[in-house]
Amino acid sequence: MPKDAIGKRAEHVAIIMDGNGRWAKRRGLPRLAGHKRGVETVRRIVEACPDLGVKYLTLFAFSTENWKRSDDEIAGLMQLFRNYMAREAERLIGSDVRLRFLGARDGLPDDIIRMMEDLEGRTEDRTKFSLNIALNHGGRDEITRATRRIAQKVASGELKAEEITEDVMSAHLDSAGLPDPDLVIRTSGEYRISNFLLWQAAYAEYEFVDALWPDFSEAMLSDILNRFGTRERRFGTAVG
Ligand code: FPP
């Protein structure tokens with residue numbers, strides 16, 4: 001793969017939106033109040049992206065590990081997703097945005113799956129900006145499900161084992177057809193990738209910011225994107 005020129009833009013940005021709970025706790029509020037503020041940040045950041053040259057934005061909204069949280073918090077988050085899809089996403093449909101959901105559908109409430117499928121179907125021909133929401137996503141789970149589908153094809157004779165390439169793997173992931181993220185951002189000062197886009201982010205640059213997700217701003221994103229433009233991405237090639 002060629003060495004990337006300095007000054008390149010991050011076309012695909014993926015974000016681990018962390019810190020909603022701490023934002024709420026610091027104010028003596030219930031955790032859900034932090035998630036609600038987090039939705040407002042989602043709205044601001046989504047709107048800012050096209051002007052900043054970002055073509056694909058992937059947001060980690062709910063992980064396969066998040067089912068371990070309290071029933072109340074899970075129910076509250078699911079309700080926020082419903083509201084977001086009913087209001088925000090409907091509004092986005094008028095503005096040339098393609099919506100996709102990454103993650104396992106199994107385990108999600110039926111009405112949420114129907115809303116996701118409806119939005120995906122109604123926006124699949126949009127091209128200006130792509131918003132991907134990782135909901136019930138876990139990198140290992142995604143790779144495992146892809147491997148299972150490939151194994152089924154091999155068992156049925158549709159595919160030969162020696163035909164399994166990296167491209168074949170990519171094409172069986174939830175993100176099939178999306179370019180890999182150039183940049184992964186995590187808020188809240190934690191230095192972990194938490195099972196996010198394990199396959200896709202193999203060559204991504206990482207940025208960790210101290211701000212909690214409800215406090216993350218368009219200006220912070222703009223700074224990060226400018227810094228990305230000064231980084232030299234080598235994809236395994238030699239320095240120099
Ligand atoms: C992590 O903060 C955040 C989440 C698990 C949920 C993210 C969800 C949203 C921002 C709202 C909805 C999103 C969309 C796309 C509609 P945390 O609770 O782990 O924070 P903590 O580490 O401070 O406890």
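Note that the coordinates shown come from a computational prediction; the quantities given were computed from them, not determined experimentally. As the structure lists them, so they are numbered: ligands from 1, and atoms in each ligand from 1.
Side chain to side chain, Arg82 and Gln79 meet the donor-acceptor criterion of an N or O pair below 3.5 Å. For the residue pair Trp199/Asp180, the side-chain donor-acceptor check at 3.5 Å is not satisfied.
Taking 4.5 Å as the limit, every side-chain heavy atom of Phe81 sits out of range of all side-chain heavy atoms of Met116.
In this structure, Arg69 counts as a contact residue of ligand 1, since one of its heavy atoms falls inside 4.0 Å of the ligand. Heavy-atom distances between Leu80 and ligand 1 stay at or above 4.0 Å for every pair. In this structure, Ala61 counts as a contact residue of ligand 1, since one of its heavy atoms falls inside 4.0 Å of the ligand.
Residue Arg31 touches ligand 1 through its side chain alone, judged by heavy-atom distances below 4.0 Å. Contacts of Asn66 with ligand 1, taken as heavy-atom pairs under 4.0 Å, involve the side chain alone.
Judged by a 6.0 Å distance limit and a 45° cone about the ring axis, Arg27 is positioned over the six-membered ring of Trp23.
Atom CZ of Arg37 has 12 or fewer neighbouring heavy atoms from other residues, nucleotides or ligands inside a 6.0 Å radius. The 12-atom threshold is exceeded at CZ of Arg227, counting heavy atoms of other residues, nucleotides or ligands nearer than 6.0 Å.
Between Glu205 and Lys8 there is no salt bridge, since none of the side-chain N atoms of the basic residue sits less than 4.0 Å from a carboxylate O of the acidic one. At a threshold of 4.0 Å, the pair Arg22-Glu190 counts as salt-bridged, since one of the basic side-chain nitrogens sits closer than that to a carboxylate oxygen.
Among all non-hydrogen protein atoms, the one lying nearest atom 20 (O) of ligand 1 is Gly21 N, 3.0 Å. Counting protein heavy atoms only, atom 4 (C) of ligand 1 is closest to His35 CE1, 3.9 Å. With hydrogens left out, the protein atom closest to atom 3 (C) of ligand 1 is Met17 O, 3.1 Å, a heavy atom. Atom 16 (C) of ligand 1 has Tyr84 CG, 3.4 Å as its closest protein atom, hydrogens excluded (heavy atom only). Looking from atom 9 (C) of ligand 1 to the surrounding protein, the closest heavy atom is Asn20 ND2, 3.7 Å.
Annotation for ligand 1: atoms under 4.0 Å from non-hydrogen atoms of Trp213 are 10 (C).
For atom 11 (C) of ligand 1, the nearest non-hydrogen atom from the set Ile16, Ile15, Val39 comes from Val39. Between atom 12 (C) of ligand 1 and the options Trp23, Phe81, Phe62, the minimum heavy-atom separation is to Phe81.
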Go through it in stages, so that I can follow the logic: the residues are Glu120 and Arg105, the test is salt bridge (charged side-chain N to carboxylate O under 4.0 Å, His left out), and I'd like the CA-CA distance, side-chain angles, deciding distance and then a yes or no.
CA-CA 13 Å; Glu120 286 183 331; Arg105 305 277 153 119; 3.0 Å; yes
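Polar contact check, Gly19 against ligand 1: a nitrogen or oxygen pair lies under 3.5 Å apart.
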